[in-house]
Amino acid sequence: MGDRHESREEVRAASGPYTHAPMSDRDLERLRANTRFEPAAVEPRIVQRWLDSGLFHPEPNGVREGGYCIAIPPPNVTGELHMGHALNGSIQDVLVRHHRMRGMRTKWILGTDHAGIATQMVVEKALAAEGVQRRELGREEFVQRVWEWRNHYGGRIVQQLKRLGASCDYSEERFTFDEDYAQAVAEVFVALYEKGYIYRDRYIVNWDPGTHSAISDLEVEEREETDTLYFIRYDLEGGGSVTIATVRPETMLADTAVAVNPDDERYRDLVGRTAILPLIGRALPVIADEYVKMDFGTGQLKVTPAHDPNDFEIGARHELDEVSVIGEDGRMTSEAGEEFAGLTVMEAREAVVAALEREGRIVAREPYTHSVPYSHRSGQRIEPLISLQWFMKMDELAAPAIAAVRDGAVKIVPENHRKVYLEWMSQIRPWCISRQLWWGHRLPVWCCEACGAIHVAARAPQRCPSCGGDLRQEEDVLDTWFSSALWPFVTLGWPRDTPLMRSFYPTDVLSTARDILFLWVARMIMMGIEFTGRPPFAEVFVHSVIQAPDGRRMSKSLGTGIDPSEEIEKHGADAVRFGLLAMSSTQDVRYSPEKVEQGQALANKLYNAVRFALLRIAEQPGVSLQTLQATPQPRTVEDRWILSRLQRGKREIAAQIETYDFSHAALGLYDFVYGELCDWYIELVKHRLDLDRTGTPPGGDQVQERRALSETLLHVMRETVALAHPVIPFVTEELWGHLGGEGLLAGASWPQPDESLIDADAEAEVGRAIEAIALLRGWRDSVSAKAGLIVPARIAAEGYGSTAASIGRLARLDLVASNGAGGVGAAEPVAAVPVPGGTVEVLSAEGLDLDAAKRRRETEQQRLQGEIARVQGKLGNEGFVTKAPAQVVEEQRAKLQRLQGELEAL
RNA sequence: GGGCGCAUAGCUCAGCGGGAGAGCGCUCGCUUCACACGCGAGAGGUCCCUGGUUCGAUCCCAGGUGCGCCCACCA
C-alpha cells in the first residue's frame, strides 16, 4: 500500500477546520431533540447522497496500479437478497470502502446472472399459475416472457444491495445475457472448440426429469435412502443359472450382459456362456470385468449400459449393446416392452417385480441403504441416461489453474480451502456444458439441414459453407456457469482491450461462500488464465455460511429463512452489517439476532457520543463550533490517553480488514467506542465542559482550555467516525456531516495512525485509574452505599498524581490530601479499599454497611490467600524456576508481591 | 468409503502454553444535565472424555465420544 494514498488532499482528513457550517441552530435543535439514531429515516436519504455523488464510479485511467477492484458474485436476476448476499455484500463493502478511503480508484463490478435453470423455473412456475405451459408458448415466445419478467421483477436485488449500503458501481450494471456478454461467450466457445477442448459425445449423463435437461455432476446431490435389494435368477442357456442383485429391477429390461470378476474362482467357467434375460428373452453374454466386486451380493452383476454410469463404462470396454428403456420424460419407452411402456420408473419397478415373482425368479430380497442421486435444481431423482451432449475437456485447463493456487498466484483464505480446491482440481472430469433449456446462451453451433455438417462459429453463417444448404442452430443452451466463468473479465469489456480492462483486471479479491468454489471459482480461474493469460483475481476469500439460529440450514422451504431486508427495516442497515460481520468467522455460524442488536446499539451510542460533544461544545461561552479546528490539543492525561488508544485502534482495524478478520474489526470497534471512548473518555472530560449554572462568565484561561478540549473532542470524534465507516457507513456518514467534515465521508481519507501520539505512560496511568475506579465502585456496592452518596476518602497509594481528581469524581469520593493536618484529613480510616499500588482509605462510615464490607473483605482475603499459595507453589517448584523463561518467573514474583501487598492492605 | 471442521458461562461465540472473556439473558442498584436501544455493580464455567508431551495444558500430540459440512460410480 503505502505511498499510493499520500497524494490525497489533506482537507478531507479528519483533522481540519469546519469547512462549511453544517450545524445551523435548527440542526442543533434537531440533534438535541432526537435522542436516538433512527436508521429507517436516515439511511435511505444517505444512499441517495452517495449515489448522486458519483463516488462509486471510478473513471478508468488505463493503469492498473492504484486501483482496487472486486467483481460481485452476480446474484440471480430473479433473486431476492438472502443472508448470504447480505453477509457477502457487507464483507465486500468493508473492503471496497476501506480501499476507497485509502485513496485508491475503487471499482466494485455489479451485475446479475441470467441463471438459466433457476430463472426458467421461476418463470415457468409463474406462468403455470396463470394456466400457461411453457411448451404451448413455444420457445421464442417463452424467452420473450422471461425477458419481460426480468425487466419487470429483475433487479430487485440491486435495490436491496443499495439499501444495504453496498458501494457498487451502479452506473455500469452488467447482465450475463447482455448482447456483448453473449458475443464473448460465443467467442470463448468457438476458441475452445477449435482447440479441441469442446466436443460432442453420446455419453451417459445425469438426466434431470424435472427440468428435462442434463445437469453437471456438481448439480447432483446424493441422499441416503433405504430401498429393497432384489436377488433375481437368470437362467443360463444349456442349464444352470446366475443370480444378480439389484435395487433397480426395472432397469433389467435394458440389460445387455451379465458380468463376474475375472479372478472369481466360483464363476470362472461361466464366462463366455449366455444368460437369458427374464421377461424379455434377450441373450446376454456372461463377461469378465474387474469392476465386479466378488464380495458384494452374489458376485454376479447385471450390466445395463444405458442406465448406469458404471455399466456404461463396462459396456464401452466390452462393446456391449446399449438398450434404453427409460425416456427423457422419466417414463418407460417402447423398448421396455408392451407391458411396461409408458409407466413411470417407480410403477415399472413394481410391475417388473410382480412379473418376476409370477415366474418365481425372485430368490430373495433385503433392505438396503445406499445413496441415491437427486437433482439440486428440481429435487427430482436423477435418471442416468445416454444422450448426445456437449462436453468440455478439463485437464489442460485445470493444470495452470492448479499451479496458480499451488504457487500462490491465487491465494485462498482461509488456507484449508486451498487443499480442497487442489484435490478437486486434480481429479477433475469432463464437464457436460449443454442444457436442454430455452433460457440461456444457445450454443454457437449450426447444423446443415441438407448435408448434416456442423459449423461452429461466433457469428451465425448465412448458409452451409460446405453445401450452401439451410442451417439450423443447435437447440441446446450452455450451462449457466459457462458464462459466469467469464464474469471478471467480460464485465470489463473483454475480448476488447478496453480502459476498464487495463484499469481493473485482474481484480483484487473474490469473496464467496464455499458452496460455489468448484461450480464457479475454479472455473473462473481456468477461463481467466486461458483467455487473459492471468488469474482473474489475486485472492479468494471464503466466508461463513450463515445458518438458522437453531443450526439448520436457512431455507425458504424449511421455514428457517430470515429475510435480511426485514432485519434492515427493523434495525437498520448498519446494525445488520455489523451483526453479520461480527458473527462471521472461518466457520459456519448460526444467525445471532443479538449481534445485530449490538450493532444497532453501537450506531446509537456513537450518535449520542457525537451528539453530546456537539451540543456541549455549542453551549460553551466564548467557543464557536464554526471556528474550531478538529485537531488534537491534549491538555491532560486522559486527552493523551484517548489519543494514544485511538492510534492503536486505527492500526488494528486496518490490519483486521486487510486480513479479512471482519468479526474482530467490528467487535474491536464496539469495544473502542463503548469501552474507551464513551465509558471512560467522555466521562473523564465531562466536567471540563460543565455548564456554568451560576452565570459567572468564564475567565480567559478557562475559555482557552475549553476550546482546546473541544478541538480534541472534535478530532477524536471525526477520526472514530471515519474509522467505523467501512463497517457502519450510514450513521458515520450522517455524523461526519454534523462534525463538519468536508464532502462525504465515503470519499474522505482513511485516518492514518500518528505514532507520535502513542503514549505508553498515559495509557498506564489512566489504565491504573480505571482499575481503581472499578474496584472502588465494587466496594461501594458491597457496602450498600447509595448511588448519590459522596464518601470522604484519602488515597494512600502510588501513581495517582494526575488522576486522583478523576477517581474522586467517578467513584464519588470526597478526596482529602493524604497528609492533611486536622479536619477529616487526619481522621482514622474506617476501611481501606485495595487498589493498584496501595489502598484508598475511607474516612467516614456514614451511610455505609461496614459489616457487609467486612464479609466482603473476608472472602477477598480467602481468594487472595488461595492465589498466593498457588503462586508460591509455582515459585517453590525448582523445575519452574530453572526451566521457565526468566521473564515468566519474574512476572510470577511480581505477582506474588502484588498479591501480598493487597492482602496486607486488607 | 475418503477429507475437512467444531465441542469454552443459560444461549450465540471469542481466546489459545503461565491470572477463564464478550454480546444477549439473569440478579441488584440508579429520573448521575449524550444515550433507559442507557449507566453502575454482580451471580454464573470438572474450557466433551481418556491418555501423552511439558516445570506448567482450555490451548500442543494421540485415541475416544458427540455434532456439522464437503467429496466419492460398489450393484
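Each chain gets a letter, A, B and so on, in the order its sequence line appears, and its residues count up from 1.
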Fill in the blank from the handout: Atom CZ of Phe518(A) and atom P of rA72(B) are separated, to the nearest Å, by 8 Å
Handout entry: Aromatic ring proximity Phe231(A)/Tyr368(A), centre distance under 6.0 Å
Key = no
Problem - Any Arg514(A) side-chain nitrogen or oxygen under 4.0 Å from OP1 or OP2 of rC4(B) - result: no
Problem - Touch class at under 4.0 angstrom, heavy-atom based, for Ser585(A) against every strand present - result: sugar-phosphate
Completion exercise
Shortest non-hydrogen pair, Ala257(A) vs Leu320(A), comes out as CB-CD1, 3.6 Å
Practice task
Answer with base, sugar-phosphate or nothing: what part of the nucleic acid does Lys895(A) contact at a heavy-atom distance below 4.0 Å?
Solution key: base
Handout entry: Rounded distance in Å - CG (Asp311(A)) to P (rC73(B))
Key = 14 Å
Practice task
Can you tell me which stems involve RNA chain B, if a stem is defined as three or more consecutive Watson-Crick or G-U wobble pairs, both distances under 3.5 Å?
Solution key: B:1-7 with B:65-71, B:10-13 with B:21-24, B:26-30 with B:38-42, B:48-52 with B:60-64
Practice task
Please find out if less than 6.0 Å separates the ring center of Tyr421(A) from that of Phe518(A).
Solution key: no
Practice task
Classify the nucleic acid contact of Gly668(A) as base, sugar-phosphate or nothing, counting any heavy atom under 4.0 Å across all strands shown.
Solution key: nothing
Practice task
Write down the distance between CG (Asp679(A)) and P (rG38(B)), rounded to a whole number of angstrom.
Solution key: 11 Å
Fill in the blank from the handout: From OH of Tyr681(A) across to P of rC35(B) the rounded distance in Å is 19 Å
Practice task
Sticking with atom C1', work out how far rA62(B) lies from rG21(B), rounded to a whole angstrom.
Solution key: 29 Å
Practice task
Look at all strands and tell whether Gln892(A) reaches a base, only sugar-phosphate, or nothing, counting heavy atoms closer than 4.0 Å.
Solution key: sugar-phosphate
Exercise for the section: Determine the interatomic distance between C1' on rU32(B) and the same-named atom on rA14(B); round to the nearest Å. Expected result: 33 Å
Problem - Phosphate contact (rA75(B) OP1 or OP2) by Tyr368(A) side-chain N/O below 4.0 Å - result: yes
Practice task
Between Tyr670(A) and Leu301(A), just flag the one whose closest nucleotide in RNA chain B comes earlier from the 5' side.
Solution key: Tyr670(A)
Exercise for the section: For RNA chain B, find the residues of residues 290-297 of chain A with a heavy-atom distance under 4.0 Å and give them by number; none if there aren't any. Expected result: Tyr291(A), Val292(A), Lys293(A), Phe296(A)
